[in-house]
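See structure below.
Index from 1, following the sequence.
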Amino acid sequence: MSFRNSPALAALRVRTSELTSQTFALRGRAAAGVIGGATMGVLALGSAMGAVASTTPTADQVQTVAGVAGVGKGGHAAVDQLTDKAGKAGKTESTSQKATGTVAGEAGDAQEDAGSAKDANAGAKAATAQEVIGLAKKQVGISEGKGGQTKFHDWYVGTDNAKLTAQRDGGNVSAYNGAQWCNMFVSWVGAQTGVKGMGWDAYTVQHAMWFKKTGRWGQEPKPGAVVFFAWNGGGISSINHVGLVVKDNGDGTIDTVEGNTGNAVKEKTRKVSQVAGYGYPDYRGK
């Protein structure tokens with residue numbers, strides 16, 4: 001009997017065939033795992049991006065979220081598309097306000113492509129600083145009604161941005177009713193005039209962070225600037241009120257228009273020393 005026809009060789013051939021079949025099966029499972037992992041990663045990425053709120057996601061933020069979501073090689077094309085898109089897109093509030101979800105961070109211009117909200121004012125620079133100041137002054141005298149409610153609450157609760165900012169901060173839209181509304185007032189003025197770069201939000205700290213993140217933050221009290229106050233000093237994390245600059249008086253004070261000041265819209269004169277910083281909308285003719 002030749003070695004070619006020996007029982008030992010026949011058994012070896014059978015075993016080799018079995019191992020080959022198992023190898024292909026394992027490769028198939030591995031491929032499915034990569035594809036499945038990529039799919040789940042992209043889904044997780046989409047979910048995570050939808051929950052982010054401030055703000056406009058940068059290319060770095062997309063990559064960071066992708067890493068957290070666990071996107072594998074198969075999902076990098078989708079991540080790269082989001083990264084490219086992100087690269088192109090560019091009442092004095094208490095601490096408890098954030099906990100209850102009465103939140104904020106710019107949403108109107110907001111977040112121009114995902115995160116805090118869609119850019120509601122994506123058109124041309126639709127207003128000048130003086131037009132915005134003029135509309136703000138026309139609201140002077142409006143005060144809270146039953147339950148601390150104003151027309152600014154009613155407006156904000158009805159926007160898509162309210163859903164996005166509530167989701168971002170772990171609250172719910174109904175929590176905005178009767179809540180601190182100085183930032184809702186500023187957001188309303190920006191929305192009514194169509195100014196790009198004003199931002200929509202209900203929480204001053206997030207709104208200020210968005211201005212800084214988008215390169216619109218500074219220390220010069222320009223007319224029409226969104227002014228953020230920190231009564232006891234400190235940076236952005238210490239902010240507890242917001243308004244609009246009317247003018248710099250040149251003596252260490254500024255004139256402003258503010259909502260939720262004594263439960264109403266009022267014109268005020270404030271010390272510059274109480275200001276944490278200014279956000280600069282993209283006004284026409286500036």
Side-chain angles (χ1 to χ4, degrees), residues 43-57 61 65 91-122 136 139 142-211 213-214 226 228 236-237 239-243 258-261 263-265 279:
L43 289 174
L45 171 64
S47 177
M49 289 301 293
V52 172
S54 263
T55 84
T56 305
Q61 288 174 312
V65 174
K91 224 164 203 189
T92 301
E93 292 160 297
S94 64
T95 304
S96 63
Q97 179 178 356
K98 184 175 181 180
T100 56
T102 12
V103 283
E106 147 73 345
D109 179 35
Q111 329 195 36
E112 293 170 342
D113 224 316
S116 281
K118 301 206 164 64
D119 185 355
N121 302 326
Q139 312 312 307
I142 291 177
S143 59
E144 296 177 3
K146 184 178 180 180
Q149 197 77 357
T150 67
K151 71 176 186 180
F152 310 112
H153 292 88
D154 294 338
W155 165 78
Y156 193 79
V157 168
T159 66
D160 288 338
N161 285 359
K163 298 175 184 178
L164 291 168
T165 54
Q167 181 183 23
R168 177 196 65 202
D169 297 301
N172 57 75
V173 174
S174 63
Y176 292 121
N177 288 308
Q180 312 288 351
W181 52 277
C182 55
N183 215 134
M184 295 186 209
F185 166 69
V186 170
S187 298
W188 180 89
V189 172
Q192 302 309 307
T193 55
V195 174
K196 185 176 181 180
M198 174 75 85
W200 294 8
D201 222 300
Y203 179 43
T204 54
V205 171
Q206 287 283 1
H207 199 165
M209 288 174 64
W210 176 83
F211 273 117
K213 187 181 299 183
T214 55
V226 180
F228 294 89
I236 288 178
S237 63
I239 291 171
N240 41 32
H241 189 55
V242 67
E258 306 165 16
N260 198 34
T261 298
N263 301 329
V265 179

Considering only heavy atoms from C-beta outward, does the side chain of [X] approach that of [Y] to under 4.5 Å?
X	Y	answer
Val265	Glu258	no
Phe228	Ile236	no
Ile142	Lys151	yes
Cys182	Val242	yes
Trp155	Ser187	yes

> Roughly how far, to the nearest 0.5 Å, is CE of Met184 from OG1 of Thr150?
Replying inline: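 Between Thr150 OG1 and Met184 CE, I get 7.5 Å after rounding to 0.5 Å.
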> How many angstroms lie between NE2 in His241 and CG in Asn183, if you round to the nearest 0.5 Å?
Replying inline: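 Result: 10.0 Å between the selected atoms.
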>> Hydrogens and angles aside, do Thr204 and His207 bring a side-chain donor and acceptor to less than 3.5 Å of each other?
In response: no
> For residues Asn161 and Thr159, is any side-chain donor paired with an opposing acceptor at under 3.5 Å?
Replying inline: no
>> If we ignore hydrogens and angles and just use 3.5 Å, is the side chain of Gln149 paired with the main-chain N or O of Gly178 as donor and acceptor?
In response: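 A pair under 3.5 Å: yes.
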>> Other residues, nucleotides and ligands only: do more than 12 of their heavy atoms fall within 6.0 Å of NZ on Lys163?
In response: no
> In terms of the angle between their ring planes, are Tyr156 and Tyr176 parallel, tilted or perpendicular, with boundaries placed at 30° and 60°?
Replying inline: perpendicular
> Between Trp181 and Phe185, what is the ring plane arrangement, given parallel below 30°, perpendicular above 60°, and tilted in between?
Replying inline: perpendicular
>> Is there a side-chain hydrogen bond (donor to acceptor under 3.5 Å, both in side chains) between Gln139 and Trp188? Walk through the geometry before answering.
In response: CA-CA 11 Å; Gln139 312 312 307; Trp188 180 89; over 6 Å; no
> Can you name the closest pair of heavy atoms from Ile239 and Ala208 and give their distance?
Replying inline: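 Smallest heavy-atom distance, with atoms named: CD1-CB, 3.5 Å.
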